[in-house]
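Following: one structure in structure tokens, then a few remarks.
Along the sequence shown, the residues carry numbers beginning at 1. We count ligands from 1, going down the list as the structure has it; atoms in each ligand are counted the same way.
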Amino acid sequence: MVHRLFNHGLLGLGGSMFNFEKIDPTEKKILSYALIFTATQLFLIGIAVAFLGRSVPTCQPNEKVFQKGEFRSVGPKRYEVHYLAKMWSFEPQKIVIPTGSTVDFFLASKDVTHGFHINKTNINLLAVPGVINKSSHTFDKPGTYPIICHEYCGLGHENMHGEIIVADNVVEATSDLPQETVTPPSETPGLPTKEVPVGKILYEQKACVACHSLDGSSRVGPSFKGIWNKTVELEDGTQILVDEAYLTESIEEPLVKIVKGFGPTMPKTILTPEEVKTLIEFIKTIE
Ligand code: CUA
């Protein structure tokens, strides 16, 4: 049927411009329904965009991901904001714009996946590492529009938010972004600038933290402290070296080898091979 549809329907259409008469009646029906359905969908999307103010989020995967937040005025009451989502804040955190402004939002992530929802609007995006997501909104009503991260991203997730302030009497739109002349944070004395290792982020995000401590204390599973390159005893009495192969297997197939004293309780966690490697690199560092 599909084959026939292809030969008669599509090739028929292409080969000898609208040879509609030759098509089997049933196929004709299917083709017509498909066309009507597609046209209706496009029409409805058109209405939503043109009259209901719905914005269609777009992804720009080929553009180089920006590494810092940016706030730009591109015309009267027209702004472009580059939001950089990172653990656990948005950059910029706050912008102030006049009522009636239209803002193009560009969103990128510096580390893991974050959410980006602006309350009281239909802007709802994900900040996915490696891509830029885009959406627009016109702020017709004055007020404070909180931005929240709605994708669990680690310990500080709850506190990850920003705000957009829309007011009538704004002469010049502003943001809380530092000016170019501000010294980079690494030169600020007394502040720790060490970034959180990605492995640790995974350890928290993928909930390893729930069962495996880092300080040697026993939880549902063995602690990660000092585990690397040590020999552990399994349920059946065999001794095994904690190396890359053992850890990889234990993460991917948790029930194959059970450490003595612990139950077969570990769930399978969905991780890419790269994530497994990163996690193991992190476990190696827990001494
Ligand atoms: Cu970022 Cu939750």
Query raised in the report: Any N/O/S atom, backbone or side chain, of His150 lying under 2.8 Å from atom 2 (Cu) of ligand 1?
Result: no
Query raised in the report: Is there an N/O/S atom in Glu151 that lies less than 2.8 Å from atom 2 (Cu) of ligand 1?
Result: yes
Query raised in the report: Between Glu27 and Lys22, is the closest basic N to carboxylate O distance under 4.0 Å?
Result: no
**Report entry** From Phe71 atom CZ to Ile97 atom CD1, the distance as rounded to the nearest 0.5 Å
**Finding:** 7.0 Å
Query raised in the report: Is there a donor in the side chain of Thr138 and an acceptor in the side chain of Asp140, or the other way round, less than 3.5 Å apart?
Result: no
Report task. Mind reading off the angle at atom 1 (Cu) of ligand 1 between the SD atom of Met160 and the SG atom of Cys149, rounded to 10°? Result -> 110°
Report task. Taking atom 1 (Cu) of ligand 1 as the reference point, name the nearest N/O/S atom of His114. Result -> ND1
Query raised in the report: In terms of hydrophobic clustering (I, L, V, M, F, W, Y; side-chain heavy atoms under 4.5 Å; direct or indirect links), are Ile147 and Val96 co-clustered?
Result: no
**Report entry** Within one Ile-Leu-Val-Met-Phe-Trp-Tyr cluster: Tyr83 and Ile148, side-chain cutoff 4.5 Å
**Finding:** no
Query raised in the report: Once rounded to 10°, what is the value of the angle centred on atom 2 (Cu) of ligand 1 between His157 ND1 and Cys153 SG?
Result: 120°
